[in-house]
Novice: 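Here you go, one structure.
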Amino acid sequence: MGIDTPETRARMGGLALKRIVYDEDQVAARVAEMGAAITEAYPADEELLVLGLLKGSFIFLADLVRQIERPLYVDFLVASSYGSSTTSSGEVRLLYDPEADLEGKHVLLVEDIIDSGTTLNRLVPLLEERRPRSLELCALLHKRIAKELVREPRWVGFDAPSEFLIGYGLDFSENYRNLPFVASL
Ligand code: IMP
Ligand code: MG
């Protein structure tokens, strides 16, 4: 799908995209590399829980877990740091807690994008309290503008430009998650 094709226009409801930042092939290739690296990183006989941060990570997580060639569990948590604007409010609320017990498991927290870092800085200590065997972060996109992160992500798909990005799960006011690439508005 391209920047100005009928398929893209149908998903954009008439709005124009600025540019495609990472196209479908680039994303797929990078996700495959990340899946291979994650497969390598964990001992095969130890439990791995892949924890997706909803909603933005749902497409990335779906593609990523299919590139991880080992047994794993999937669960989700929902935190909210953005209203419907494109600037961070600085406030993070936990709206849904994972059902899975984290204790003793390797936990891989999967994020769509790290922007200010507020979400991760708030979540990492909360998850650490549950005594996982390890806690690592994996983000598809990292804007590298966060002043201070309590933990650097171990796996990052792309160092993203500090523009507002949509598609491949990322939204603007809940729209455009269904674009198959990452684009700027
Ligand atoms: P942070 O707490 O500022 O690091 O922001 C993290 C969350 O804000 C991400 O999980 C996204 O849901 C959202 N976000 C940050 N930047 C963008 C963007 O460029 N496009 C869409 N959502 C974003
Ligand atoms: Mg969002």
Side-chain angles (χ1 to χ4, degrees), residues 1 3 8 11-24 26-27 30-31 34 38 49-65 74-98 102 107-129 135-185:
M1 241 170 81
I3 191 161
T8 299
R11 286 165 176 75
M12 294 300 297
L15 216 81
L17 284 172
K18 208 150 94 190
R19 68 191 170 98
I20 292 177
V21 182
Y22 306 108
D23 67 26
E24 292 177 74
Q26 286 173 296
V27 171
R30 190 68 191 112
V31 171
M34 295 171 89
I38 291 165
L49 170 65
V50 180
L51 198 53
L53 186 51
L54 291 176
K55 296 176 212 169
S57 75
F58 80 111
I59 291 177
F60 173 44
L61 181 131
D63 285 344
L64 182 69
V65 292
V74 174
D75 209 334
F76 296 96
L77 55 85
V78 183
S80 161
S81 72
Y82 275 52
S84 50
S85 75
T86 56
T87 50
S88 178
S89 64
E91 189 202 326
V92 177
R93 287 181 300 153
L94 250 197
L95 307 176
Y96 172 80
D97 215 23
L102 272 51
V107 174
L108 178 61
L109 182 63
V110 177
E111 258 241 270
D112 53 352
I113 185 165
I114 302 173
D115 184 13
S116 70
T118 309
T119 310
L120 284 183
N121 285 342
R122 171 74 203 287
L123 284 178
V124 166
L126 279 178
L127 296 176
E128 286 286 15
E129 272 174 29
L135 176 62
E136 300 283 2
L137 315 177
C138 173
L140 178 69
L141 304 164
H142 194 342
K143 289 189 183 171
R144 307 272 178 202
I145 57 171
K147 279 192 214 92
E148 203 181 331
L149 287 178
V150 295
R151 172 107 23 119
E152 279 299 327
R154 179 155 171 198
W155 294 284
V156 173
F158 302 98
D159 286 350
S162 56
E163 297 167 57
F164 197 79
L165 303 174
I166 55 165
Y168 198 70
L170 286 94
D171 72 302
F172 172 62
S173 294
E174 296 301 327
N175 289 300
Y176 320 124
R177 295 192 197 272
N178 57 336
L179 292 168
F181 45 67
V182 177
S184 65
L185 259 184

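Since we're looking at a predicted model, the values are computed, not measured. Each ligand, and each atom within it, is numbered from 1 in the order the structure gives.
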Novice: Hey, what do you get for OG1 (Thr119) to CG (Asp112), rounding to the nearest 0.5 Å?
Specialist: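 One finds 8.5 Å between OG1 of Thr119 and CG of Asp112.
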Novice: Run the numbers for me: atoms of ligand 1, each under 4.0 Å from some heavy atom of Gly117, listed by number.
Specialist: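 Checking each atom against Gly117, I get 1 (P), 3 (O), 4 (O).
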Novice: Taking N or O atoms only and a 3.5 Å limit, does Phe164 qualify as a polar contact for ligand 1?
Specialist: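 No, since none of the N or O atoms of Phe164 sits under 3.5 Å from an N or O of ligand 1.
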Novice: So for Gly56, does at least one of its heavy atoms come nearer than 4.0 angstrom to any atom of ligand 1?
Specialist: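 The answer is no, since Gly56 has no heavy atom less than 4.0 Å from ligand 1.
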Novice: List the atom pairs, with distances to 0.1 Å, where a side-chain N or O of residues 161-169 and a protein N or O form a donor-acceptor pair under 3.5 Å, not counting sequence neighbours.
Specialist:
from   : atom 1 : to     : atom 2 : distance (Å)
Glu163 : OE1    : Ser184 : OG     : 3.1
Glu163 : OE2    : Arg19  : NH2    : 2.4
Tyr168 : OH     : Asp63  : OD2    : 2.6

Novice: Counting only heavy atoms, which portion of Asp115 has something under 4.0 Å from ligand 1: side chain, backbone, both, or neither?
Specialist: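 Answer for Asp115: both.
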Novice: Is a side-chain donor or acceptor of Ser173 paired with a backbone partner of Asn175 at a separation under 3.5 angstrom?
Specialist: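 Absent.
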Novice: Please identify which atoms of ligand 1 are closer than 4.0 Å to at least one heavy atom of Glu163.
Specialist: 19 (O)
Novice: Non-hydrogen atoms of Lys143 versus ligand 1: any pair closer than 4.0 Å?
Specialist: yes
Novice: Look at the side chain of Glu111 and the backbone N and O of Leu140, then say whether any donor-acceptor pair between them is shorter than 3.5 Å.
Specialist: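 No: the side chain of Glu111 does not pair with the backbone of Leu140.
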Novice: Give the contacting part of Leu170 toward ligand 1: side chain, backbone, both or neither, where contact means a heavy-atom distance below 4.0 Å.
Specialist: side chain
Novice: Is Asp171 near ligand 1, meaning one of its heavy atoms is under 4.0 Å from it?
Specialist: yes
Novice: To the nearest 0.5 Å, how far apart are CG in Leu61 and CG in Leu51?
Specialist: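 Interatomic distance, Leu61 CG to Leu51 CG, rounded to 0.5 Å: 9.0 Å.
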Novice: For the aromatic rings, using the six-membered ring if either is Trp, is the centroid distance between Phe181 and Tyr22 under 6.0 Å?
Specialist: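 That pair fails the under 6.0 Å test.
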Novice: For Arg144, check side chain to side chain contact (heavy atoms under 4.5 Å, CB included) against everything at least two apart and list the hits.
Specialist: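 By the side chain to side chain contact (heavy atoms under 4.5 Å, CB included) rule, Arg144 matches His142, Glu152, Val156, Asp159.
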Novice: Any atoms of ligand 1 less than 4.0 Å from a non-hydrogen atom of Thr119? List them with their elements.
Specialist: 1 (P), 2 (O), 5 (O), 6 (C)
Novice: Taking only heavy atoms of Glu111 into account, list the atoms of ligand 1 that are under 4.0 Å away from them.
Specialist: 9 (C), 10 (O)
